[in-house]
Amino acid sequence: MELTRLRGFQDLLGPSAETFTFIEERARQCAERHGFREIRIPLIERLELYDRSTGETTDIVQKQMYKIERPPESGATGEMVLRPEGTPGVVRAYIEAGLDRSDPEQRFFYSGPMLRYERPQKGRYRQFYQFGVEVFARPDPACDAELLVMIDEFRRALGIRLTVQINSIGDPVCRPAFRDAVLKFGLAHREEICADCKQRLERNPLRLLDCKIDAALVESAPKSVDYLCAECSAHFGRVKDLSAAAGVEFVENPRLVRGLDYYTRTTFEIISADVGAQSTVIAGGRYDGLVETLGGAAVPGIGFAMGIERLALALEMAGRAPKFALDAAVIAMGEPATRKAMTVALAMRQRGLRVEMLSPERKLKALLGRAAKIGARFAVIIGETELQKGVVVLRDLRASSQTELSEAQLAETVLAARTE
Ligand code: HAM
């Protein structure tokens, strides 16, 4: 057996991990600015949770769940799985904490890995990271619009271009008629649709609408907006009005039905033109019946999740990925200078500078080479002479020039170079 990582799983080293953290931090700041509080939920849940929420007939539940075995001595029963998405776990936690009855209006954000057994390709992995938000007890369209505004703010914070697509898929009052119309359409074209869609027709006909293979045929399929009841139609109209008034640019996509079962009314997907076939970087929608389906009170919900891998790709393509910048490498020559160098480095770090101490046991030339290799902007050199004179040498590694400075001037000079 070779000790390599599993297919569809990624190691994130250095720059990739830093880009992830950068995106997660921006997302967290944006969520906090909108009043969201953090929630942390388990990686493992009961299979039944996803059966009853994500949906028994969805690809996720049918084909993509990682099942977990308990140790033989456990004695517990019921199947357990690794979470394929965050929404069901958050809803379960919300109900389990009794919030649906005691204090229903809540807004949470979460972040972490999800697992789905999918066919790996660029932008699609078996373990991937999501940052998600969920809002409870806000049935009003202003909440849907606020989430779109928040996504727009986040997009600006990253400095990338994204397209917002929205749709409404109705509610339990009007969706059955739409579902029937799509089923009828599918049956009428049974000979033309792909093998997967033939099966989908029986289990979940709406999935036909986002089939990539049958895209041309789907152009003439029924549209959900044509089947909305008066309430759903008014809700969708308000979402669009309020979003537009807040400066959010969006397009309507009548094919946007989403691959999870719990959605009602507003659904949306945010697309990047720069990341290849897996172009949906953020997706979400309203799920007004889910809390009740999972045993809670009749509390509406809405949320979205972003795929960090796909956003990282978009950021890299736009040349906006963060670059790790080390301000200085500290080089000490000899034992007394090493003592001094430790306090010099400490004082610089206290000013917020990124400073790495290099090994005092190598030659100056090798250490300067090392400082350049790790991308330090400056080398701070302290030897016997500097100790005696009470100064340090600051070597600008870009300009290959150096000056003598007092310790007091050091941090200021390096900080000033940050804004150059
Ligand atoms: P989802 O559309 O299944 O929705 O996933 C949301 C996002 O996660 C996708 O748009 C994509 O960026 C990312 N993603 C999904 N699968 C993969 C994968 N295999 N590899 C890389 N990235 C992936 C949900 O998960 C819902 N829980 C969203 C939501 C929250 N709806 C309401 N609240």
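Treat the numbers as computed from the prediction; the structure is a model and nothing was measured. Just so you know, ligand 1 is whichever comes first in the structure, and atom 1 is the first atom listed for that ligand. Values below: all heavy atoms of this structure, side chains included; hydrogens, waters and symmetry mates excluded.
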### Query
Heavy atom of Y263 under 4.0 Å from ligand 1?
yes

### E45/R92 salt bridge by N-O under 4.0 Å criterion
yes

### Atoms in ligand 1 flagged as close to A283, the criterion being non-hydrogen separation under 4.0 Å
2 (O), 10 (O), 28 (C), 29 (C)

### Message
Can you tell whether the side chains of R190 and E192 come within less than 4.0 Å, N to carboxylate O?
### Response
no

### Task
Identify, for atom 23 (C) of ligand 1, the protein heavy atom at the shortest distance, and state residue, atom and that distance.
F128 CD1, 3.4 Å

### Message
Between Y110 and F131 (judged by ring centroids, cut-off 6.0 Å), do the two rings come close enough to count as a pair?
### Response
no

### Query
So, for F108 and F36, is the gap between ring centers shorter than 6.0 Å?
no

### Query
At a non-hydrogen distance cut-off of under 4.0 Å, which region of E269 contacts ligand 1 (side chain, backbone, both, or neither)?
neither

### Message
If the threshold is 4.0 Å, N to carboxylate O, is there a salt bridge linking E269 and R258?
### Response
yes

### Message
With a heavy-atom distance limit of 4.0 Å, tell me whether R116 approaches ligand 1 through its side chain, its backbone, both, or neither.
### Response
side chain

### Query
Can a salt bridge be assigned to the pair E32 and R28 using a cut-off of 4.0 Å between side-chain N and carboxylate O?
yes

#### Entry: Proximal ligand 1 atoms for E85, defined as those under 4.0 Å from one of its heavy atoms
24 (C), 25 (O), 26 (C), 27 (N)

### Query
Going by distance only, is there an N or O of F304 that falls short of 3.5 Å from an N or O of ligand 1?
yes

### Query
For ligand 1, which atoms sit closer than 4.0 Å to a heavy atom of G123?
20 (N), 21 (C), 22 (N)

### Query
Nearest protein heavy atom to atom 12 (O) of ligand 1, by residue and atom, and its distance?
T280 O, 2.9 Å

#### Entry: Which residue and heavy atom of the protein sit nearest atom 8 (O) of ligand 1, plus the separation
Q130 NE2, 3.1 Å

#### Entry: Within 45° cone and under 6.0 Å: R126 NZ/CZ vs F9 ring
no

### Query
Are K63 and E118 ion-paired here, with the side-chain N under 4.0 Å from a carboxylate O?
no

### Message
Tell me whether R124 is salt-bridged to E309, with the criterion being a basic N under 4.0 Å from an acidic carboxylate O.
### Response
no

#### Entry: Electrostatic pair E18-K323, nearest N-O below 4.0 angstrom
no

### Message
So for ligand 1, is G284 a polar contact partner (N or O within less than 3.5 Å, distance only)?
### Response
no

### Query
Nearest to atom 13 (C) of ligand 1, what protein heavy atom do you find, and at what distance?
G307 CA, 3.7 Å

#### Entry: For atom 33 (N) of ligand 1, the protein heavy atom that lies nearest, with its residue and separation
E134 OE1, 2.8 Å

#### Entry: Residues R107, E146: salt bridge by 4.0 Å N-O rule
yes

### Message
Looking only at protein heavy atoms, which one is nearest to atom 30 (C) of ligand 1, and what is the separation?
### Response
T87 OG1, 3.0 Å

### Message
Show, in sequence, the C-alpha distance, side-chain angles and deciding distance for D152 and R156, and conclude whether the salt bridge (Lys or Arg N to Asp or Glu O under 4.0 Å) test is met.
### Response
CA-CA 6 Å; D152 202 45; R156 281 172 213 270; 2.9 Å; yes

### Query
Could an N or O of ligand 1 be found under 3.5 Å from any N or O of R124, whether backbone or side chain?
no

### Query
With a 4.0 Å cut-off on heavy atoms, does R258 reach ligand 1?
yes

### Message
Using a 3.5 Å cut-off on N or O atoms only, is Y287 in polar contact with ligand 1?
### Response
no

### Query
Which heavy atom of the protein is the closest neighbour of atom 20 (N) of ligand 1, given with residue, atom name and distance?
Y125 N, 3.0 Å

### Query
With atoms numbered from 1 as shown, which atoms in ligand 1 lie under 4.0 angstrom from a non-hydrogen atom of Y262?
26 (C), 27 (N)

### Query
Within 45° of the ring axis of Y227 and under 6.0 Å from its six-membered ring centre, is that where the NZ or CZ of K223 lies?
no

### Task
For atom 19 (N) of ligand 1, grab the closest protein heavy atom and report residue, atom and distance to one decimal in Å.
E118 OE2, 2.6 Å

### Task
Just jot down the ligand 1 atoms closer than 4.0 angstrom to any heavy atom of A305, in number order.
6 (C), 7 (C), 28 (C), 29 (C), 30 (C)

### Task
From atom 11 (C) of ligand 1, work out which of M114, R83, R310 has a heavy atom at the shortest distance.
R310

### Query
Does even one non-hydrogen atom of L260 get within less than 4.0 Å of ligand 1?
yes

### Query
Hey, is D396 close enough to R398 for a salt bridge, meaning N to O under 4.0 Å?
no

